[in-house]
Amino acid sequence: MAKKQKRVAEPQEAEEAPTVPKNKKHRKDKPWDTEDIDHLQWAVAKFEAPASTSDHKPFLEESSFSTLFPKYREVYLREVWAGVTSQLDKHGIGCTLDLVEGSMTVRTTRKTFDPYIILKARDLIKLLARSVPFPQAIKILDDSVACDIIKIGNIVRNKERFVKRRQRILGPGGSTLKALELLTNCYILVQGNTVAAMGPYKGLKEVRRVVLDCLANVHPIYHIKEMMIKRELAKDPKLAEEDWSRFLPQFTKRKQKKRAEVRPNGEGGNGYEEHPLESAAGKAPKKPKIIKKPYTPFPPAQQPRKIDLQLESGEYFLKPKEQKQKSKDELSKREEAARAQRKAKRAEAFVAPPE
């Protein structure tokens, strides 16, 4: 009887116990996760210098980073190097500008108190070497600002195609680049084979995605539209925990239809004939009739050899120097004819139209 009573009591206890989702079965409260922590904006506490020199202990080893800079940056770096030295000296970082070798070096000193500032100084000299102006590059020393240097030179093999797609990042009059800067809160500089960006980590992730997709033949305007919609959706607290995919535009590749072939004006025609595949009737195009040549049992006549042609023209008996001179003369004649043709084509633009 006791066993039967236990069996009856077990389902009652199970009903009273609260149901816990399977994925949160082993989850426990963290003692450090208090209510005063902002989970959306993880504020990073500023690393301040020690109050007195006695509290400061120098590092055991010296860390240093070097980077090369192009020749055209030498004049600018000499002008701003005094400002670079004074800014890095506040953080206890030493720096050297080597004009003979063409390099910049930063290193820790006995006054350095922040262990991460040497990496910030490394990013500073990298940005200066990539043509970022000094007033903008010095902002990298702030803890809330990071940088990302995107290499784009090896993505597109064709040089003309690479230049065209890189120009899409800038846009007409720099409008596309300005829109990206406003939406991502980042500073972006397109220079040569690299794109240097500075800003928050979230914005840098978006910039990298847009730049790499642009070099892969996806226009930046699609990403800009998507980011603008996301910014508006983020303002509504009701949509904070919902899926935004139904609001975002879905861009797909479209196969362009074949253009209508131009035909001479027929009876009642307008100069354009609809392609047979695109016609309303949907009939298959008629194949052209193959006209068979008359059958001849004899093989075609043998073509003359190259030596036979040279013998007929007399070129075979010329000396090597004379042959070279003759080929040069023929080449100059063709160039002169092409030059005259181009000149005549350019002159057409300056001919006055008939009144």
Side-chain angles (χ1 to χ4, degrees), residues 68 70-73 102 151-170 172 190-195 212-219 253-267 269-279 283-355:
L68 300 173
K71 184 70 175 175
Y72 64 87
R73 291 290 288 171
K151 295 182 180 180
I152 58 174
N154 299 330
I155 299 175
V156 183
R157 189 174 295 178
N158 191 339
K159 187 68 176 176
E160 294 179 1
R161 194 175 296 166
F162 166 73
V163 172
K164 189 182 290 185
R165 292 183 184 178
R166 185 182 61 180
Q167 183 62 29
R168 288 181 190 170
I169 304 172
L170 301 173
V190 182
Q191 178 80 8
N193 292 331
T194 58
V195 177
L212 294 180
D213 283 356
C214 181
L215 269 294
N217 203 19
V218 179
H219 204 281
K253 287 186 177 180
R254 297 178 183 176
K255 284 188 177 180
Q256 293 183 354
K257 294 181 179 180
K258 291 183 179 179
R259 296 181 66 182
E261 296 179 5
V262 180
R263 304 289 188 189
N265 286 336
E267 296 177 2
N270 57 355
Y272 294 90
E273 186 178 339
E274 194 176 16
H275 196 277
L277 295 176
E278 297 175 6
S279 61
K283 295 179 182 178
K286 293 181 180 179
K287 293 182 180 179
K289 292 182 179 180
I290 299 171
I291 302 170
K292 292 184 179 181
K293 295 179 181 179
Y295 172 73
T296 55
F298 306 104
Q302 187 178 1
Q303 297 295 324
R305 297 179 300 166
K306 187 177 180 181
I307 296 174
D308 296 337
L309 295 173
Q310 289 178 350
L311 286 169
E312 288 180 8
S313 63
E315 188 181 349
Y316 183 79
F317 304 102
L318 295 175
K319 294 179 181 179
K321 288 185 178 178
E322 294 174 347
Q323 289 180 358
K324 285 185 180 179
Q325 186 61 36
K326 186 178 179 182
S327 60
K328 282 184 180 178
D329 294 341
E330 290 176 357
L331 181 64
S332 61
K333 284 180 181 178
R334 288 198 299 269
E335 288 178 351
E336 188 66 32
R339 197 179 295 111
Q341 190 177 359
R342 288 197 300 270
K343 190 175 181 181
K345 192 175 182 180
R346 285 196 296 269
E348 287 177 2
F350 301 99
V351 176
E355 295 182 0

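For the salt bridge (Lys or Arg N to Asp or Glu O under 4.0 Å) condition, no pair includes a residue of residues 158-170, sequence neighbours left out. Sorted by first and then second residue, the salt bridge (Lys or Arg N to Asp or Glu O under 4.0 Å) pairs involving residues 288-299 (not counting sequence neighbours) form an empty list.
Taking a cutoff of 4.0 Å between a charged side-chain nitrogen and a carboxylate oxygen, Lys326 and Asp329 do not qualify as a salt bridge. Look at Arg339 and Glu336 and you find a salt bridge, because one of the NZ, NE, NH1 or NH2 atoms lies within 4.0 Å of a carboxylate O, short of that distance.
Once rounded to the nearest 0.5 Å, the distance linking CZ of Phe162 with CD1 of Ile155 reads 8.0 Å. Here the CD atom belonging to Glu312 is positioned 11.0 Å from the CD atom belonging to Gln310, to the nearest 0.5 angstrom. In this structure, the separation between CD on Glu315 and CG on Leu309 is 9.5 Å, given to the nearest 0.5 Å. Between the CG atom of Asn154 and the CG atom of Asn193 there is a distance of 7.5 Å, given to the nearest 0.5 Å.
In plain terms, the two heavy atoms of Val190 and Leu170 that are nearest each other are CG2-CD2, 3.9 Å. A pairwise comparison of heavy atoms in Ile152 and Gly192 identifies CD1-O, 4.4 Å as the closest pair. Among all heavy-atom pairs drawn from Gln323 and Tyr316, the shortest one is NE2-O, 4.5 Å.
Leu215 is listed as a side-chain neighbour of Ile169, based on a closest heavy-atom distance under 4.5 Å.
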- Message: Using the rule given for side chain to side chain contact (heavy atoms under 4.5 Å, CB included), can you reason through Arg342 versus Arg346, listing the C-alpha separation, both sets of side-chain angles and the distance that settles it, and then say yes or no?
- Response: CA-CA 6 Å; Arg342 288 197 300 270; Arg346 285 196 296 269; 4.0 Å; yes
